[in-house]
Amino acid sequence: MTTQTHTTSSFETVPQLDLSAQYAAIGAEIRTAVDRVLASQQFILGREGAAFESEVAQLCGVAHGVGVASGTDALILALRACGVQSGDDVIIPPFTFVATASAVNAVGAKPRFADIRPDTYNLDPSDLARRVTPKTKAIIAVHLYGLSADMDPILNFARSHNLRVIEDNAQAIGATYKGRPTGSLGDVACLSFYPTKNLGAYGDAGMVVTNSAELAARLRTLRNHGQTAKYVSSEPGWNSRLDEIQAAILRVKLRHLPEWQRARQERAYSYAKLLLGIPGVAPPLVPENYQHVFHQYTIRVEQRDALQQSLSEQNIGSAVYYPVPLHLQPLYSSLGHKYGDFPHAEHAANEVISLPMYPELRSDQIARVAEAVAAFVTK
Ligand SMILES: Cc1ncc(COP(=O)(O)O)c(C=O)c1O
């Protein structure tokens, strides 16, 4: 990390995320890119979108990228392209953003939850066997907080049960698993470029990436009203296109992503040095041979709500992703789950807290946050 002389006063706010620091650094490049689109007067399915699709596909180590309107649409269209339909079941973790599950509902299928591992917060491959049913068509593996799920056993299980695997890679662009990029591990992978993501648009945007030419062709059709040729539709589709202005902005940001990723990893390393060994604090685990991209820096503490309150009183931002596991959401009450059904997801929901994390976070700010956490748990 670069040497900094700045020192935070205890009154200075340390936000959980500061997008304005990023815009201050790259604003001029962004405005040039937007001007280029405005001058072209081509706003939908043009050169920027096509170039961005191939750049993201390359980063993910796959052949095809299909730009869509959001990460949620990416999941819905991926499920459709994989043939998931009404009456099918899809296995997902209960500890994720609600979009992973609501996308399953959107194609008429039913989410079937499998618990997470308590150390990585990702799908536990050993819980799949008791959750699979004759109706199960697919598994969505979420790479939560920027860390890949343990994909090899998930893929083996899927192969032996003839299931499709969709990666929800909304939070982990750039991460790797045993040397392979997330996005290249399942049949298809879904990306979100929601503004707060590691690669964030200035609005909504998303993408599906895949090695399958057949799935990519189907996705291109589905995102554009099911059209296989101009004004010829072969099936019901959507308007879910990634627009040229967002694509041009994202192409600028994509060039900075490797340096931002390194900055996030350095900041995670600084936090870990300060927090490891403090009783009652569990910093994020990075399993051997994984590259974590730290979309969030999420620790675990027993008195989570009181810690969050204490941080807030010291002007330190934090966030809880996610306080209510999906099986206990009112939305899923009809599935008949109760507290105790997915204990690891429930404990995580009670104990996780995400500390400030962004590439521009300064070392004195990290020290102040870590000190506040340590003081709270040792008091
Ligand atoms: C894990 C996960 N899945 C899906 C989504 C949905 O993406 P979007 O907000 O772009 O629709 C998000 C982000 O919001 C997410 O974090």
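Whatever order the structure lists them in is the order used to number ligands and atoms, beginning at 1. We number each residue from 1, following the sequence as shown.
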Ignoring angles and geometry beyond distance, decide whether L144 reaches within less than 3.5 Å of ligand 1 through its nitrogen or oxygen atoms.
no
What protein heavy atom sits nearest atom 3 (N) of ligand 1, and how far away is it?
D168 OD2, 2.7 Å
Does the N or O separation between D204 and ligand 1 drop below 3.5 Å for any pair?
no
Using distance alone, with no hydrogens and no angle criterion, decide if N105 and Y332 have a side-chain donor and acceptor under 3.5 Å apart.
yes
At less than 4.0 angstrom from any non-hydrogen atom of T72, what atoms of ligand 1 do you find?
6 (C), 7 (O), 8 (P), 11 (O)
Between T96 and ligand 1, which part of the residue brings a heavy atom under 4.0 Å of the ligand: side chain, backbone, both or neither?
side chain
Report the relative orientation of the aromatic rings in F157 and H161; use parallel for angles under 30°, tilted for 30 to 60°, perpendicular for over 60°.
parallel
Do the side-chain N and O atoms of E371 and Q314 include a donor-acceptor pair separated by under 3.5 angstrom?
no
Give a yes or no on whether R180 atom CZ has more than 12 heavy-atom contacts from other residues, nucleotides or ligands under 6.0 Å away.
yes
protein heavy-atom neighbour closest to atom 15 (C) of ligand 1 works out as A170 CB, 3.5 Å
Would you find more than 12 non-hydrogen atoms of other residues, nucleotides or ligands less than 6.0 Å from Q58 atom CD?
no
Looking only at side chains, do R241 and N224 share a donor and an acceptor under 3.5 Å apart?
yes
Quick one: which ligand 1 atoms are inside 4.0 Å of a heavy atom on A99?
4 (C), 5 (C), 6 (C)
Which atoms of ligand 1 sit under 4.0 Å from any heavy atom of T100?
3 (N)
What residue and atom, counting heavy atoms only, is the protein's closest point to atom 16 (O) of ligand 1, and at what distance?
Q171 NE2, 2.9 Å
Among F193, Y145, Y322, Y194, closest by heavy atom to atom 9 (O) of ligand 1 is Y194
If you measure only the distance, is there a donor-acceptor pair under 3.5 Å linking the side chains of Y177 and D150?
yes
Starting from atom 13 (C) of ligand 1, which protein heavy atom do you reach first, and at what distance in Å?
K197 NZ, 2.8 Å
Taking the ring of F52 and the ring of F193, is the distance between their centroids below 6.0 Å?
yes
